[in-house]
**Student:** 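Okay, handing you the structure first.
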2 protein chains.
Amino acid sequence: MAQTDTETTDLTAERLLKEAEALFAKKGFEGVSVREITTRAKCNLAAVNYHFGNKKNLYLEVFRCRWVPRAKRLQQHFKTGLPPNPSLQDLLETLARAFLAGPISDEDRCCHFQLMSRELGQPTEAFDMVADKVMQPFFAELAQRFDLSLGKDCEKDALLLDLLSVFAMVLYFSFAREAVTRITGHSYDERFKSRLVKQITAFSLRGLQGDPS
Amino acid sequence: MAQTDTETTDLTAERLLKEAEALFAKKGFEGVSVREITTRAKCNLAAVNYHFGNKKNLYLEVFRCRWVPRAKRLQQHFKTGLPPNPSLQDLLETLARAFLAGPISDEDRCCHFQLMSRELGQPTEAFDMVADKVMQPFFAELAQRFDLSLGKDCEKDALLLDLLSVFAMVLYFSFAREAVTRITGHSYDERFKSRLVKQITAFSLRGLQGDPS
DNA sequence: GTCTATAGCAGGATAGAC
DNA sequence: GTCTATCCTGCTATAGAC
């Protein structure tokens, strides 16, 4: 019912955003044509320019309207999935599971991390938004939570590098599926994804605290 | 002196490969035009088609003639950098240092990992070559070396996942420099790169063996 | 808000002179 | 082996009918 003026009930624009996201993730900004996007979205070639002004702005809106909200949802899922007084292992396992096997479709997950890794390697304007709205606040919050569980002997700097290391694994196992499959021989079924969550949890738990016993 | 017939003294082709690699790494295959490559290589537009047939084949030759040899050099540097009876820490530190601060220019290093991460996320024909000629043999060799240092209680499967986890960090800290800089506030000077080597070594050492004491 | 039609340009590739 | 000139396709973006 109540809707802002910028986000009216515009099914065409929604379809465009959806298809554009999938294609940008798969082929990159330059690898996709407006024609391909509009064809897939079953609308007219001119629709991109009408709704978003130009191709580049469509790309930015994909991040604004789809990527950032999904990232927030994943963060939320992590938070609500935590037990009351989470141990370090709880934190790591809930985190890994939220990102690797969280409450979104596998297709969306691939899409999400593909777009992310493209921006990580080749930052554009979208990266600024992601860094400000998603990465910085989330890492700040994570740092706090882990700080509590780790005791007092860790400097801020070291903790951030540790968190980045954990994040590196999450990202790698999400976006380099083909390579992981080649090396390990496993395909990404539910069983293997669960195995990966355990791997990241166990490896990081030891990595973070040194001695688990 | 002795030269194969496919790799004659062709300075233009060399320049093309060099400039093409830098541009493909920076902007991706679709983001670069043949015109841009030939302009940078200070040669004629037709040179790409004359020497390599077409743009796609130039991309493949970049991997064949530059990427794979560089990867082999890095692997070699890792091997010769190891002490006679390497401990687990020796293995990890030498490995991390070879890739993060090894015997190539920083420009080449960025280039190398950018191309790699593009192929990891979006495998093309080049990925097959890299997987067969570089990844598979290197991981097999690493698995052997780490197996010796770790004792008998590790299954092959778990070891591979551990190695992939280490590799995930190496890759992430190499190709996501912008994000790492935003989160940590550090720029990639020699000091910070050394810090990263220590981080990966220490984190992985604990992650791999559980109890460092 | 959606369409067709098209302007205007940049892209990869090639032919043929030198 | 290198050049110029050019073909032709495909692209983004826009104008204007409906």
Side-chain angles (χ1 to χ4, degrees), chain A residues 1 3-65 118 122 124-126, chain B residues 1-65 115 118 122 124-126:
Chain A
M1 348 242 131
Q3 282 167 342
T4 69
D5 51 348
T6 56
E7 307 224 31
T8 60
T9 314
D10 205 326
L11 296 179
T12 300
E14 288 304 315
R15 279 203 318 277
L16 278 171
L17 286 168
K18 181 174 155 62
E19 299 301 328
E21 182 177 37
L23 287 168
F24 285 145
K26 195 173 163 202
K27 310 187 181 186
F29 181 79
E30 324 263 5
V32 181
S33 69
V34 174
R35 282 169 156 78
E36 193 174 359
I37 296 168
T38 51
T39 301
R40 285 245 202 155
K42 295 196 202 311
C43 67
N44 192 268
L45 172 61
V48 162
N49 291 294
Y50 178 77
H51 287 284
F52 302 99
N54 56 38
K55 182 187 175 187
K56 188 170 174 227
N57 205 52
L58 168 60
Y59 180 79
L60 290 176
E61 288 299 311
V62 161
F63 274 85
R64 210 185 310 278
C65 302
R118 285 184 192 282
Q122 177 79 42
T124 72
E125 237 176 280
Chain B
M1 350 229 137
Q3 282 167 340
T4 69
D5 50 350
T6 57
E7 306 223 31
T8 59
T9 314
D10 204 325
L11 295 178
T12 301
E14 288 303 315
R15 278 204 317 278
L16 279 172
L17 286 169
K18 181 174 155 63
E19 299 302 329
E21 181 178 37
L23 287 168
F24 285 144
K26 195 173 162 200
K27 308 187 182 187
F29 181 79
E30 325 263 5
V32 180
S33 70
V34 172
R35 284 173 159 81
E36 192 174 359
I37 296 168
T38 51
T39 301
R40 286 245 202 155
K42 296 195 201 312
C43 67
N44 192 268
L45 172 62
V48 163
N49 291 294
Y50 178 77
H51 287 283
F52 302 98
N54 56 37
K55 183 188 175 187
K56 188 170 174 229
N57 205 52
L58 168 60
Y59 181 78
L60 290 176
E61 288 299 311
V62 161
F63 274 85
R64 211 188 310 277
C65 303
L115 285 172
R118 286 185 191 283
Q122 177 81 38
T124 70
E125 238 176 281

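Just so you know, these numbers use all the heavy atoms, side chains as well, and skip hydrogens, waters and symmetry mates. In what follows, chains are A, B, ... by sequence order, proteins preceding strands, each numbered from 1.
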**Student:** Compute both the distance and the angle, then confirm whether A/Lys56 meets the cation-pi test with A/Phe29: under 6.0 Å from the six-membered ring centre, within 45 degrees of the axis.
**Tutor:**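 Output no; distance or angle outside limits.
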**Student:** What is the distance, rounded to the nearest whole Å, between atom CG of B/Asn49 and atom P of D/dA5?
**Tutor:**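 One finds 18 Å between P of D/dA5 and CG of B/Asn49, rounded.
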**Student:** Would you kindly give the NZ-to-P distance between B/Lys56 and C/dA13, to the nearest whole Å?
**Tutor:**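 Roughly 11 Å, once rounded to whole Å.
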**Student:** Say whether, by atom type as modelled, one donor and one acceptor occur between the side chain of A/Asn44 and the main chain of A/Ala47 under 3.5 angstrom.
**Tutor:** no
**Student:** Any chance you could lay out the side-chain contact (heavy atoms from CB on, under 4.5 Å) test for B/Tyr59 and B/Thr124, step after step, and finish with the verdict?
**Tutor:** CA-CA 10 Å; B/Tyr59 181 78; B/Thr124 70; 3.8 Å; yes
**Student:** Using whole Å, report how far CG of A/Leu23 lies from C1' of D/dC11.
**Tutor:** 16 Å
**Student:** Is the closest side-chain heavy-atom distance between A/Phe24 and A/Glu30 below 4.5 Å?
**Tutor:** no
**Student:** Kindly say if B/Asn54 contacts the phosphate of C/dG12, meaning a side-chain N or O under 4.0 Å from OP1 or OP2.
**Tutor:**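 No, B/Asn54 has no side-chain N/O under 4.0 Å of OP1/OP2 on C/dG12.
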**Student:** Does any N or O in the side chain of B/Lys42 come within less than 3.5 Å of the main-chain N or O of B/Arg15, such that one atom is a donor and the other an acceptor?
**Tutor:** no
**Student:** Any idea which heavy atoms bring B/His51 and B/Leu16 closest together, and the distance?
**Tutor:**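 Of all heavy-atom pairs spanning B/His51 and B/Leu16, the closest is CD2-CD1, 4.4 Å.
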**Student:** Using a 6.0 Å cut-off, check whether atom CD of B/Glu125 has over 12 heavy atoms from anything other than its own residue.
**Tutor:** no
**Student:** Short of 4.0 Å, heavy atom to strand atom, which residues of residues 27-38 of chain B count as contacting DNA chain D?
**Tutor:** none
**Student:** Can you give me the N/O atom pairs linking the protein to nucleotides 2-4 of chain D at distances under 3.5 Å, or say none if there are none?
**Tutor:**
residue: D/dT2; atom: OP1; partner: B/Thr12; partner atom: OG1; Å: 2.8
residue: D/dT2; atom: OP2; partner: B/Thr12; partner atom: OG1; Å: 3.4
residue: D/dT2; atom: OP2; partner: B/His51; partner atom: NE2; Å: 2.9
residue: D/dC3; atom: OP2; partner: B/Asn44; partner atom: N; Å: 3.1
residue: D/dT4; atom: OP2; partner: B/Asn44; partner atom: ND2; Å: 3.0

**Student:** Measure the NZ-SG distance between B/Lys18 and B/Cys65 for me, rounded to the nearest 0.5 Å.
**Tutor:** 14.5 Å
**Student:** Figure out the NZ/C1' separation between B/Lys55 and D/dT9, and round it to whole Å.
**Tutor:**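 That distance rounds to 14 Å.
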**Student:** How long is the line joining CZ of A/Phe52 and C1' of D/dA13, in whole Å?
**Tutor:**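 Result: 16 Å.
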